[in-house]
Number of protein chains: 2
Amino acid sequence: MDTTQRTDQQRSADRRRRELLEAADRVVLRDGPQASMNAIAAEAGITKPILYRHFGDKGGLYAALAKRHTDALLDSLRAALDAPADRRERVEATLDTYLAAIEARPQVYRFLMHPAEGSQPGDPGFDVGKHSAPLLRRMGEELAQVIEERLDLGPGGQQLARVWGHGIVGMMHAAGDWWLGERPCSRAELVRSLADLLWGRLAAAGDRMGGPGF
Amino acid sequence: MDTTQRTDQQRSADRRRRELLEAADRVVLRDGPQASMNAIAAEAGITKPILYRHFGDKGGLYAALAKRHTDALLDSLRAALDAPADRRERVEATLDTYLAAIEARPQVYRFLMHPAEGSQPGDPGFDVGKHSAPLLRRMGEELAQVIEERLDLGPGGQQLARVWGHGIVGMMHAAGDWWLGERPCSRAELVRSLADLLWGRLAAAGDRMGGPGF
DNA sequence: CGTGCCTGTTACTTGCGGTAACACCAGTCT
DNA sequence: AGACTGGTGTTACCGCAAGTAACAGGCACG
């Protein structure tokens, strides 16, 4: 078994893997995250054991699937984050990019955010951390890095940046999720409102009655 | 069948229901959200069909369970939100209350945030909205109402309040989730950092190098 | 030629959600 | 008393999805 041979085989296996992922993608986007392995295999024109040979178990397949979409979304977010404009514009562009993505493909969004994979049955619990979609974590870390690189936050700035990164991403996510469900306003309005929140309008707003206010 | 009779029966059924919920609580807190109905029934000293008679299906049981904890958490949050203090202190108290709760009982937190119940298999998809734990939605709505009552936000203030309510709750959630997993700092520091974010420090911070900054 | 090594299959086990059918025990109505 | 009703509880089953042997052909290599 010389090298070129193995490379050929690996290439073919990779191609196959990509085909399988695309088939899985179609099924998951059609049937939601609870799509069965049988259904996915059928869509790919094969049977279950092959899927298991390629991805180990359902979690492996879903992880591979999620990675594709997560990477794609992160790429477009990075582009918005790196655009040449002032801070407020960048923030708004990033928010808008994210919201546009989840608006355009809610099925993908739902799949990424709700993998619905309770960890191994043998888990002793207590591992809060890997759940809640890795997408949120990755976005948070990415944003934290950008914040830390670009902003001068004084001592303790690195940690502050991380808190803010995850916090802002969570804000974006929750507001987006709610907005996607109720559609109470246009995307542009939502972006503006969130940016206003980040710009301190909450602290600056006046009280309504007499008391100390919220 | 006079009234007292039916009341008696209902009372007994309610007591039973509470016992079952407590048993379910123990199991879920021990085994995580993927606890089987069999395990729960065994813990309660009975068998499956009784659970189904009381709660319909697994989703019903989990909903009842979640409602208990959600209500409890919301009560303590309301208390923090209504305390007599100025705005910044209230915000910090609310953040701290939430974080203390998830820190004290991570299992409960995890259960509430990741119910892992893909909707009916027959669903035609596209129903993004009921997922992502009702807890987040309820907290968002609650906070929105408080904001709208207490703050003078000018025209469009109601909608702005709702966006902010969900956004702030999401920020709190994501930051808390990340913090619980990595414990990069004390709770007090996290609270302070988040409050600073809400107070506009992101917009106020200086750039690091020359360019337009983040 | 046989020997590995892919790819693919059928057929199975295991485990869980959910249900049907039956059994028991209390009061109630006639 | 004896049939009727409504609650609690059971065992035993169905259906379905995850995951796993065990086996069958194609294709290169010695």
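Below, chain A is the first sequence line, B the second, and so on; all start at residue 1.
Nearest nucleotide to the side chain of Thr47(B), out of dG19(D), dT11(D), dG18(C): dT11(D). Side chain of Tyr52(A), nearest nucleotide from dG8(C), dA18(D), dG9(D): dA18(D). Distances were taken from every side-chain heavy atom of His54(B) (C-beta onward) to each of dG17(C), dT8(D), dT11(D); the shortest belongs to dT8(D). When each of dG8(C), dT8(D), dG17(C) is scored by its nearest atom to the side-chain atoms of Arg16(A), the top-ranked nucleotide is dG8(C).
What separates CD of Gln34(A) from C1' of dC16(C) is a distance of 16 Å, to the nearest Å. Between the OH atom of Tyr62(A) and the P atom of dA18(D) there is a distance of 7 Å, given to the nearest Å. Between the CG atom of Asp57(B) and the P atom of dG18(C) there is a distance of 5 Å, given to the nearest Å. Atoms CG (Asp31(A)) and C1' (dC16(D)) sit 15 Å apart, rounded to a whole Å. Atom CZ in Phe55(B) sits about 12 Å away from atom P in dT8(D), given to the nearest Å. We find that CG of Leu51(B) is positioned 10 Å from P of dT10(D), with the value rounded to whole Å. Across the protein-nucleic acid pair, Asn38(B) atom CG and dA12(D) atom P stand 14 Å apart, rounded to whole Å. In this structure, the CG atom of Leu61(A) is 16 Å from the P atom of dA17(D), given to the nearest Å.
Ring centroids of Phe55(B) and Tyr62(B) are separated by 6.0 Å or more, keeping the two rings apart.
Checking side-chain atoms of Tyr98(A) against main-chain N and O of Val169(A) turns up no donor-acceptor pair under 3.5 Å. Side-chain N or O atoms of Glu189(B) include one that pairs as donor or acceptor with a backbone N or O of Ser186(B) at under 3.5 Å.
Using a 4.0 Å heavy-atom distance criterion, Ser36(A) is classed as a sugar-phosphate-only contact. Residue contacts shown for Arg53(A) include a base, since a base heavy atom lies under 4.0 Å away. Using a 4.0 Å heavy-atom distance criterion, Ile50(A) is classed as a base contact.
For the helix from dC1(C)-dG30(D) to dT30(C)-dA1(D), the angle separating the two terminal helix axes comes to 30°, with each axis derived from five pairs and the value rounded to 10°.
Glu19(A) and Arg15(A) are joined by a salt bridge, as a carboxylate oxygen and a charged side-chain nitrogen come within less than 4.0 angstrom of each other. Ion pair Asp196(B)/Arg88(B) flagged as a salt bridge, since at least one NZ, NE, NH1 or NH2 atom sits closer than 4.0 Å to an Asp/Glu carboxylate oxygen.
The cationic group of Arg162(A) does not satisfy the cation-pi geometry with Trp164(A), failing either the under 6.0 Å distance to the six-membered ring centre or the 45° limit from the ring axis.
Residue Lys48(B) places a side-chain atom within donor-acceptor reach of the base of dG18(C), judged by atom type and a 3.5 Å distance cut-off alone.
Ring-plane geometry between His173(A) and His173(B) is classed as tilted, the angle between the planes lying from 30 to 60 degrees on a 0 to 90 degree scale.
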